Chemist: 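First the structure, which I've put down as structure tokens, then a few questions once you've had a look.
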Protein chains: 2
Amino acid sequence: MSVTIHQVAAEAGVSPSTVSNVLNGRSDRMLPQTRERVEDAIARLGYRPNGPARQLRTGRSQVLGLVVPSVANPFWGTFARHLEAAALQAGYRVLLCNSERDPARERDYLEELWADGIRGVVLCSSLPSLEHVLPLVERGLTLVAFDRTAQAGDPPSLVNISVDNAVGAELATRHVLQLGHRRLAFVTGSLRSVNRRARYRGFEAALEEYGLGADDAIVWSGGTPDHYGDRFGDLDFPELGRAAARDLLADDRPPTAIVAINDMCALGITAGARDAGVQVGTDLSVVGFDDIVLADLATPPLTTIRQPLPAMADAAFAHLRVGVEQGGGSPNGGSLLLRPELVVRGSTGPVRRP
Amino acid sequence: MSVTIHQVAAEAGVSPSTVSNVLNGRSDRMLPQTRERVEDAIARLGYRPNGPARQLRTGRSQVLGLVVPSVANPFWGTFARHLEAAALQAGYRVLLCNSERDPARERDYLEELWADGIRGVVLCSSLPSLEHVLPLVERGLTLVAFDRTAQAGDPPSLVNISVDNAVGAELATRHVLQLGHRRLAFVTGSLRSVNRRARYRGFEAALEEYGLGADDAIVWSGGTPDHYGDRFGDLDFPELGRAAARDLLADDRPPTAIVAINDMCALGITAGARDAGVQVGTDLSVVGFDDIVLADLATPPLTTIRQPLPAMADAAFAHLRVGVEQGGGSPNGGSLLLRPELVVRGSTGPVRRP
DNA sequence: TTGAAAGCGCTAACAA
DNA sequence: TTGTTAGCGCTTTCAA
């Protein structure tokens, strides 16, 4: 079927081990001419080493796993794209899995990845507990948790990479407060996830700075307990935002500014406001979170908090690589929190006094 | 490190071959009690067969490849999501690769996938020629080309799955013609790809039906020869649309309706029109193609042509499965063209007479 | 109904 | 500097 190392060896007139040595960069242990003969034979035959055989023998794999809620969400798609780019440069590939935020699927996927010899995985789960995944980490899986910070029960080797969600939400909230808004709303799915809770804390912190309390802010939180507010592919966020806008704008004291848990949700809020005849940017300010591609394209363009995805992907890959190449999780886990950035666009504006 | 078939055999007091027989559904060849003992042992030890070993032995793999231009584009992300869902149901997984529409990367990826034992791949390339990939198909790779129709030089076993792009573009164009528009534009990246050309033909066909000719339509085509109009991750479409809107609206006889090559491009056109102070839906009608998630969320919501992605993903998987399980490409290639559907929303409206 | 044995393609001691 | 050899974990004849 395919050409093997033996055929290459025969073609070059050497033994398979010599070919293997060339393949694995140990060509210092042979005459330059031998090396050349082997390389010629490889090229002539179009030989590529058989991955599974290699992996069976070495236990190593050049594939990393990435588990995201759903690539149908452009935020995760973009992250996947960046992680793949980082991995590719170092000769790794990325196997992508959609968990739909279902802990059982997360666990199943990780176990399959492990069984397939994959020893490094980025898990984009913001569940507070990772115990459903602990056994594999104990067996030696290098795990990077993305979009989450360290929690008390975490395995010691776990590396968490995330934007500083509290700071981000605080930046967003301060921005609308500075524009004079004093009646705010915070729209989110279920607050069970680590990052959403952090964002909520940032929202509260900004309110406090301005001497505002619970009376001045509405927290609109949708979502079912099972899937943390999402049914299919993270794509309920727009629906969630739309529903929130409907409710909030019908309130006795409607908010003049809304801080959304993410951009998809913010776009939903914008659509909901449009349905209600409310103009975003003037009648109502909306701030998102993430800065997905479409934030800049929306009408009006969305003010949001940018996550430095390329840097985050690079960091995730770097950790993974070290972990898998050492065989087993790095001993020192912890959290890496990158700084988010406020991007002001047209969806926010000064409060209107009646 | 991990538990092996030998340990399971020891635990159950049988030989490895018996365990293997259980694993592979040949439990009719043993006493029910034996089978039970084995299953107990498997459960007790938490055994999972080693993928690479299995694959090395059988040559089969439970992984399929998916090569898309970029998952950062929500259209491809959504397709990936659907393909994964179809595959998962049948016990397959999907390895995702971003080609950036670069033929060299497409070929490299396919070769790596082949070397990794993957025998079925969905290639989302709309290049007219697939010769860079032909050798692998000849070696037995089952290939489904997505978003492309059969071409003269194609390998006989190649299956193409696509929406009927000509019909789709015709539906889109007719829609604005019916609204009274007589000055149209067609905005696209380079017309080198099969599907874009088909869409363009549909546009022309609709014009002809209405007795219009080249004078009444502007074709705005951006993009470089190398990457077919895209630099990074298919994400230049919005930029392309924006630039097109700028140009077209500055024309002596600006179009009153624009047919865009896809939704991302249409959203860019909308943004560009907004920049120029032109209101989409009233002053200018814009039609997209694809019906990505965000089409419905845009302001105004985008009139577009919907691609039946779930059905397309199911079809792609079904072909792949048959192909790989037979070992080697299916003998009868051809094209499967699914019917697209016009979805009318707010971005199109009747032409305004001055 | 069950088990023994060979070998998939590769790597890495170890020997020559 | 190069080759011989054993074996990674599994499946699959073939024999018992």
Side-chain angles (χ1 to χ4, degrees), chain A residues 1-39 41-42 45-63 112 114-119 139-140 325 327, chain B residues 1-39 41-42 45-62 112 114-119 139-140 327:
Chain A
M1 189 85 144
S2 269
V3 33
T4 75
I5 203 172
H6 285 92
Q7 300 175 36
V8 176
E11 174 85 11
V14 298
S15 79
S17 16
T18 300
V19 179
S20 172
N21 282 331
V22 172
L23 249 37
N24 294 286
R26 281 184 291 264
S27 34
D28 46 323
R29 309 197 196 156
M30 70 193 71
L31 295 173
Q33 9 173 350
T34 312
R35 176 204 170 132
E36 217 168 285
R37 283 220 313 284
V38 172
E39 283 173 344
I42 289 176
L45 268 48
Y47 168 71
R48 288 209 163 221
N50 176 306
R54 232 172 173 176
Q55 193 173 327
L56 176 58
R57 179 61 231 239
T58 63
R60 285 188 295 271
S61 163
Q62 290 289 89
V63 179
E112 279 175 21
W114 176 266
D116 275 359
I118 290 168
R119 294 294 173 262
R139 285 215 237 172
E325 289 181 2
Chain B
M1 191 86 144
S2 268
V3 32
T4 76
I5 203 173
H6 284 92
Q7 301 175 35
V8 176
E11 174 85 10
V14 298
S15 79
S17 10
T18 300
V19 179
S20 172
N21 281 332
V22 173
L23 249 38
N24 294 287
R26 281 183 292 264
S27 34
D28 46 321
R29 309 196 197 157
M30 70 193 72
L31 295 173
Q33 10 174 346
T34 311
R35 175 204 171 132
E36 217 169 284
R37 283 220 313 283
V38 172
E39 283 173 343
I42 288 176
L45 269 49
Y47 169 70
R48 288 206 163 225
N50 176 305
R54 229 173 177 176
Q55 194 174 324
L56 176 58
R57 178 61 232 239
T58 63
R60 283 188 295 269
S61 163
Q62 290 289 91
E112 278 175 22
W114 176 265
D116 275 359
I118 291 169
R119 294 295 173 262
R139 284 215 237 171

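In what follows, every chain begins at residue 1, and chains take the letters A, B, ... in the order their sequences are listed. Please read these numbers as outputs of a predicted model, since none were measured by experiment.
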Chemist: Is the shortest side-chain heavy-atom distance between I5(B) and L23(B) below 4.5 Å?
Modeler: yes

Chemist: Do V19(A) and V14(A) come close enough that some side-chain heavy atom pair is under 4.5 Å?
Modeler: yes

Chemist: Please determine whether the number of non-hydrogen atoms from other residues, nucleotides or ligands lying under 6.0 Å from atom CZ of R48(A) exceeds 12.
Modeler: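 Counting neighbours around CZ of R48(A), more than 12 heavy atoms of other residues, nucleotides or ligands fall under 6.0 Å, so yes.
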
Chemist: Where along residues 9-21 of chain A does a heavy atom come under 4.0 Å from DNA chain D, residue by residue in number order?
Modeler: V14(A), S15(A), S17(A), T18(A)

Chemist: Which heavy atom of R26(B) sits nearest to which heavy atom of M30(B), and what is that distance?
Modeler: O-CE, 3.8 Å

Chemist: Go through residues 23-39 of chain B and report each residue with a non-hydrogen atom lying under 4.0 Å from DNA chain D, sorted by number.
Modeler: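 When residues 23-39 of chain B is checked for heavy atoms under 4.0 Å from DNA chain D, the hits, listed by number, are L23(B), N24(B), R26(B).
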
Chemist: Could you state the atom-to-atom distance from CD1 of I5(B) to C1' of dC8(D) in whole Å?
Modeler: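 Nearest whole value for this atom pair: 14 Å.
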
Chemist: Listed by chain and number, what are the side chain to side chain contact (heavy atoms under 4.5 Å, CB included) partners of L45(A), not counting sequence neighbours?
Modeler: V3(A), Q7(A), V8(A), E11(A)

Chemist: Would you say the side chain of D116(B) lies within less than 4.5 Å of the side chain of Q62(A), judging by non-hydrogen atoms?
Modeler: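 They are not in side-chain contact.
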
Chemist: Rounded at 0.5 Å granularity, tell me how far CD in E39(B) sits from OG1 in T34(B).
Modeler: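 Spacing of CD (E39(B)) from OG1 (T34(B)) equals 11.0 Å.
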
Chemist: Does anyone know the first and last nucleotide of DNA chain C in reach of chain B, 5' to 3', at under 4.0 angstrom to a heavy atom?
Modeler: dT1(C) to dG9(C)

Chemist: Would you give the length of the straight line joining atom OG of S15(A) to atom CG of N21(A), rounded to the nearest 0.5 angstrom?
Modeler: 8.0 Å

Chemist: Let's see if you get this right: which residues in residues 46-59 of chain B place a heavy atom under 4.0 Å from DNA chain C?
Modeler: L56(B), R57(B)

Chemist: For H6(A) versus P16(A), what's the shortest heavy-atom pair and its separation?
Modeler: CD2-CG, 3.6 Å

Chemist: Could you tell me, to 10°, how much the axis swings from one end of the helix from dT1(C)-dA16(D) to dA16(C)-dT1(D) to the other, five pairs per end?
Modeler: 40°

Chemist: Under 3.5 Å, side chain of Q55(B) to main-chain N/O of G51(A), donor-acceptor pair present?
Modeler: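 No, the answer is negative, given that no donor and acceptor are paired below the 3.5 Å cut-off.
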
Chemist: Give, for atom OG1 of T18(A) and atom CZ of R35(A), the distance between the pair rounded to the nearest 0.5 Å.
Modeler: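 So the OG1 of T18(A) and the CZ of R35(A) are separated by 13.0 Å.
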
Chemist: Would you kindly give the NE2-to-P distance between H6(B) and dT11(D), to the nearest whole Å?
Modeler: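 Roughly 11 Å, once rounded to whole Å.
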
Chemist: Mind checking whether N24(A) and R54(A) have side chains closer than 4.5 Å, heavy atoms only?
Modeler: yes

Chemist: Which heavy atom of P49(A) sits nearest to which heavy atom of A115(B), and what is that distance?
Modeler: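 P49(A) and A115(B) have their closest heavy atoms at O-CB, 3.8 Å.
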
Chemist: May I ask you to decide if W114(A)'s main-chain N or O and R119(A)'s side chain share a donor-acceptor pair within less than 3.5 Å?
Modeler: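 It does hold such a pair.
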
Chemist: Return the CG to CD distance between L31(B) and E36(B), rounded to the nearest 0.5 Å.
Modeler: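 Here the interatomic distance stands at 11.5 Å.
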
